[in-house]
There are 2 protein chains.
Amino acid sequence: MSGPSAPPPTTGALRALPHARLATDLRAATLRLARRLRQQKADAALSDGLVASLGWVLQAQPLTIGELAEHEGVAPPSMTRAVDKLVEQGLLRRTVDPADRRRVLLETTDAGRDTVLETRRRRDAWLAPRLAALTPDERRTLVEATRILKELTRS
Amino acid sequence: MSGPSAPPPTTGALRALPHARLATDLRAATLRLARRLRQQKADAALSDGLVASLGWVLQAQPLTIGELAEHEGVAPPSMTRAVDKLVEQGLLRRTVDPADRRRVLLETTDAGRDTVLETRRRRDAWLAPRLAALTPDERRTLVEATRILKELTRS
DNA sequence: TATTGTTATACTCTATAACTATA
DNA sequence: TATAGTTATAGAGTATAACAATA
């Protein structure tokens, strides 16, 4: 867009940062797409937070309440409550760590795993037809872009 | 549900949809990046919902409470409360529509506009250095990908 | 003593239902 | 009668502070 030869016709928020135009556009597009994706979930009775927590347990199990709380960016007491709900609904199993009996180890139940997979399936089901409407070149671009986006959040 | 010709070598969530692999990867990468971006905001006292609402008003003003509520995906009473807070903090201005006195028209104040721009600036400030660490080719890919992502959310 | 997790309590955000004002 | 918005009220989610159990 803005080459090195011409001064970019940008306003306030865009000044002073290299690649500011890309940052701005990518930010807007990402937040918008994420918002649409979050609207799709397996169980409407599960909040976004519970869905995200359950998904991370499936991916990182076994893990402790504290570890899960930190990953999800909530305080430990909040995670205790969230885990209580997931356990009540039969989606999560909690066991005391035999090596350190202060710690609680979390794992998904079969139903919990199914819920996570179903949520992912629904989100993909929203996305996949839209991807199918793109050109092969555009899809190749997104494949590469996905790899790059993952890198961005690594640090 | 499964494909008619060859069974794809994928597991649960990936079956039955074309471009499912891309959908899954893109979904994960997008949600993760969005989460990081949302953590950056101008005023820590402003919730994500208030930040998003204020941002949309700046972009779409003047608009009514009902229009804003629908765009943000919340019920009208919730938006009445949210707008009350933004007005109290001097970020939003509400005026009765002279053409239809049931309606309320919302506009940002100067302070509201500044808050939105500052939030965007911070999010970009988080993102831009990471973009600078990429190769020129990778940035070109993201520029094109951003255009495609915008298309995905158009429908 | 330090760490892990829980309980107690309060605040924010959201929703539904009922209401007011205007069309 | 229908629509835009508000008020009343309740439920979910989160936080901080204080506590219990374990290391």
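Values in this document were obtained by computation on a predicted structure and should not be read as measured data.
Distances shown here put every side-chain N or O of Lys85(A) at or beyond 4.0 Å from the OP1 or OP2 atom of dA12(D). Taking side-chain N and O atoms only, Ser78(A) has a distance below 4.0 Å to OP1 or OP2 of dA15(D). For the pair Thr64(B) and dA4(D), the criterion of a side-chain N or O lying under 4.0 Å from OP1 or OP2 is not met. Taking side-chain N and O atoms only, Thr80(B) has a distance below 4.0 Å to OP1 or OP2 of dT6(D). Contact annotation: Arg101(B) side-chain N/O to dT22(C) OP1/OP2 distance is under 4.0 Å. Contact between the side-chain N/O atoms of Ser47(A) and the OP1/OP2 oxygens of dG13(D) is found at a separation under 4.0 Å.
Leu50(A) has its CG atom 18 Å from the P atom of dG11(D), to the nearest Å. Atom CZ of Arg81(B) is separated from atom P of dC11(C) by 15 Å (rounded to the nearest Å).
Checked by distance alone, Arg102(B) brings a side-chain donor or acceptor within 3.5 Å of a matching partner on the base of dT3(D).
Closest to the Arg94(B) side chain, of the nucleotides dT6(D), dA15(D), dT6(C), is dT6(D).
Along DNA chain C, the nucleotide closest to Arg103(A) and the one closest to Pro77(B) are compared, and the more 5′ of them pairs with Arg103(A). Each of Asp100(A) and Met79(A) was assigned the nucleotide of DNA chain D with the nearest heavy atom; the assignment lying further toward the 5' end belongs to Met79(A).
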